[in-house]
Protein chains: 2
Amino acid sequence: MVSRRNQSVTVIDVAREAGVSKSSAARVLSGRGSASPATQRRVTEAAQRLGYRPNALARAMVSGSSHTIAAVIPDVANAFFSATLRGLTDAARSAGFEVIVSNTDNDADVEARSLELLAEKRADGFVVAPVFQDAPEAITRLVEDGTPVVLLDRRMPALADLPLVSVDHVGASRLATEYLIELGHRRIAIVTEAPDRLTDLRELPPDAEISSLRPSTQRLLGYVQALDDHGVELDQDLVLESDYDAGSARAAVSAALDAGLGFTALYCTDAIVTLGAYNAVADHQVAVPDDISFIGFDDQEWTTLVRPSITVIDQPRHELGSAAATRLLAQLRDIDPDERDLRLPAHLIPRESTAPPR
Amino acid sequence: MVSRRNQSVTVIDVAREAGVSKSSAARVLSGRGSASPATQRRVTEAAQRLGYRPNALARAMVSGSSHTIAAVIPDVANAFFSATLRGLTDAARSAGFEVIVSNTDNDADVEARSLELLAEKRADGFVVAPVFQDAPEAITRLVEDGTPVVLLDRRMPALADLPLVSVDHVGASRLATEYLIELGHRRIAIVTEAPDRLTDLRELPPDAEISSLRPSTQRLLGYVQALDDHGVELDQDLVLESDYDAGSARAAVSAALDAGLGFTALYCTDAIVTLGAYNAVADHQVAVPDDISFIGFDDQEWTTLVRPSITVIDQPRHELGSAAATRLLAQLRDIDPDERDLRLPAHLIPRESTAPPR
DNA sequence: GTGAAAGCGCTAACAG
DNA sequence: CTGTTAGCGCTTTCAC
């Protein structure tokens, strides 16, 4: 039981032990090239005996591939991203890749530094959920250098050329809104954290550009589209604007409730906003779904625990990550995908919080 | 905007551009060794001009350190581990390290393969939340080879020599149990997923070994200790055994409720078990805290959303991760820690689900 | 202070 | 099939 026994066992050691040349040993150890059965056996056994462990660093140096992909995301501790990361690592592993994670906290500088660092470590490719900014130079630099980059969940106009794997946010909102409309609702409020003004949205951007809007904006757009399609009038007062935090959403919904806007349904476009909105509804002791139907975003654990349980829009998080990884790996193998972008459908999970209006 | 521009810019290129020798360039680029201000400037500018990006792989090869640590955990998508991973990456980053993650799903083979793979990539050290098994050879092999390993959250007897960073599980349960006792409860039920028989626990193992018991067992032990300390009789019937899944916990608690065991408080020793138990209590329309006081485990989001809100035992997840990283990094720098193990205290967050018995 | 040269562990021609 | 040689990009003696 020698300390640091293997820290040093190299192909040369194995070759010596097996009584063959360095290259013969290397050949059988790497599985490339041919070797006689005898050599094969002797080398394998020698390696076994010595406890040889190939040095992936050295391999990467010469092969040019580290078999590592980088995931640059806002926060692993966030349920959405942790589930996505899981999908990512699963797909990566089955292709023989490992993943190295970095959190940005939506800070552009941190993102830039992470990207640079991971590029130095020679990650073969990047999956990044980028920080919203005008000039994501760190990303464009990677791309210019020929490093494959797949965008996850979001994309800005400056990155319009890059492949994007995301949920169909517009479709997700249409799903929710139409479900409510079909139940008979006409006055449907939406809680949104989209920073964009609603008026801008009425002049629908061409389809190509929609995917470069923020997810929150796309979700708002889906709501507008669904209303339009079904001839339901859009009431600006029912668009409840919130910041990206529960307290703000709670306040917005609370105010709307106090204002007596007379809406019969409430659709929340984001997990955190759902939380705040739910609290406001609980505070006001509104009867759900009798007085108000409620649709939340993301199939969070608590949505099945509260009474009534909450109807939600569920995003395929795991699949999102695995799709991103798969997409990236294809690019690494120079396989051209059919479509540049991949847009996964969200699903509606009907529960007790939605019903026809009274 | 040449494609793959940097994929190739090396120290040699920079040296040429700066009109100095390779080693001079390397010296200023790496920051080691000395160079005249003039050289310094020329090299720096040349590097800047060319968009030089150091190859960390090559650096690692010669320096012997990849500045990467491996996190081998059951599942990133699990809230506990994702929060812990966040702490881990935060601490790692501030020390200039990156982390590469691997999920084991509590499968020994997967764990062994991950460990091997990451060792091949020459991770400088490992933080692992090991799969419970008798002979974790993959781990011991690493240790024998001199690779620093820090255990996270759990440890088996076979790994008793390795440093462990964990929550004080025994203390966590004492906290919960004593809180209930002090409220006046005497018939306190516990929902446990500990596989160990309670009888074994009465013969308290020496302190050193306690930390090598499973977390669930330690939590059960804390409950027993607290009862003993306060002279409250332990009733075997109030130890509700469950598998590690919500359905099982729900069934166990449901059965206990039906059996009319007359307990006035219920303490759940794990997040998933809390979920099941909560459902059972809701099913039976037990009044909380009037009929039964309820303490859950882990400060999950939903515990503040349901009515009444749930009193919980909160584990310092983020801190757990950062402590593990810090511990590992210290070991990498050959710093001997004061204590081999690190045991972080859990906290009780009092909410509405607990009150004196009626 | 600076350059030449060796070497980290491995793979990939290239002869033999 | 096998051994010799060169080289991936970088750091590090070691003379000058």
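What you see is a predicted model; the values in this text were computed from it and never measured. The chains referred to below are lettered A, B, ... by the order of the sequence lines, with proteins before strands, and numbering in each begins at 1.
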Legend entry - Which residues share a salt bridge (Lys or Arg N to Asp or Glu O under 4.0 Å) with Glu116(B), sequence neighbours left out: Arg53(A), Arg141(B)

Legend entry - Residues that Ala79(B) engages under side-chain contact (heavy atoms from CB on, under 4.5 Å), provided they are two or more places apart: Arg317(B)

Inset, instruction - With sequence neighbours excluded, tell me which residues meet side chain to side chain donor-acceptor pair (under 3.5 Å) with Asn106(B). - result: Arg154(B)

Inset, instruction - Pull out every residue in residues 56-66 of chain A that has a heavy atom closer than 4.0 Å to any atom of DNA chain C, ordered by number, or say none. - result: Ala58(A), Arg59(A), Val62(A)

Inset, instruction - Have a look at the helix from dG1(C)-dC16(D) to dG16(C)-dC1(D) and give the angle its two end axes make, five pairs each, rounded to 10 degrees. - result: 40°

Inset, instruction - Could you state the atom-to-atom distance from CZ of Arg53(B) to P of dC8(D) in whole Å? - result: 19 Å

Legend entry - Spacing of Asn55(B) atom CG relative to dG7(D) atom C1', expressed in whole Å: 14 Å

Legend entry - Whole-Å distance separating the CG atom of Asp13(B) from the C1' atom of dC10(D): 13 Å

Legend entry - side chain to side chain donor-acceptor pair (under 3.5 Å) against Glu319(A), all qualifying residues, sequence neighbours excluded: none

Legend entry - Summary of ring-ring contact (aromatic ring centres under 6.0 Å, His included) pairs that have at least one residue in residues 83-108 of chain B, sequence neighbours excluded: His67(B)-Phe97(B)

Under 3.5 Å between N/O atoms: give me all the protein pairs with nucleotides 2-4 of chain D, atom names plus distance.
residue, atom, partner, partner atom, Å
dT2(D), OP1, Ser36(A), OG, 2.8
dT2(D), OP1, Thr39(A), OG1, 2.5
dT2(D), OP2, Ser36(A), N, 2.7
dT2(D), OP2, Thr39(A), OG1, 3.2
dG3(D), OP2, Ser21(A), N, 3.0
dG3(D), OP2, Ser21(A), OG, 3.0
dG3(D), OP2, Ser24(A), OG, 2.6
dG3(D), N7, Ser23(A), OG, 3.2
dG3(D), N7, Arg27(A), NH2, 2.8
dG3(D), O6, Arg27(A), NH1, 3.1
dT4(D), O4, Ser23(A), OG, 3.2

Inset, instruction - Provide, to the nearest angstrom, the distance between the CZ atom belonging to Arg32(B) and the C1' atom belonging to dC10(D). - result: 11 Å

Legend entry - Residues that Asp13(A) engages under side chain to side chain donor-acceptor pair (under 3.5 Å), provided they are two or more places apart: Arg16(A)

Legend entry - Length of the line joining Leu50(A):CG and dG9(C):C1', which is rounded to integer Å: 15 Å

Legend entry - Listed once per pair and sorted, the side-chain hydrogen bond (donor to acceptor under 3.5 Å, both in side chains) pairs that draw on residues 130-140 of chain B, sequence neighbours left out: Glu111(B)-Gln133(B)

Legend entry - Atom-pair distance (CZ on Arg42(B); C1' on dG1(C)), nearest Å: 14 Å

Legend entry - Electrostatic pair Arg86(B)-Asp105(A), nearest N-O below 4.0 angstrom: yes

Inset, instruction - For Thr89(A), check side chain to side chain donor-acceptor pair (under 3.5 Å) against everything at least two apart and list the hits. - result: Asn103(B)

Inset, instruction - Rounded off to whole Å, could you give me the CD1-to-P distance for the Ile12(B) and dG7(D) pair? - result: 11 Å

Legend entry - Value in whole Å for how far the P atom of dC10(C) lies from NZ of Lys121(B): 16 Å

Inset, instruction - Could you list all the side-chain hydrogen bond (donor to acceptor under 3.5 Å, both in side chains) pairs where at least one residue sits in residues 25-38 of chain B, not counting sequence neighbours? - result: Ser36(B)-Thr39(B)

Legend entry - Shortest non-hydrogen separation from Lys121(A) to Ile100(A) and the atoms involved: CD-CD1, 4.5 Å

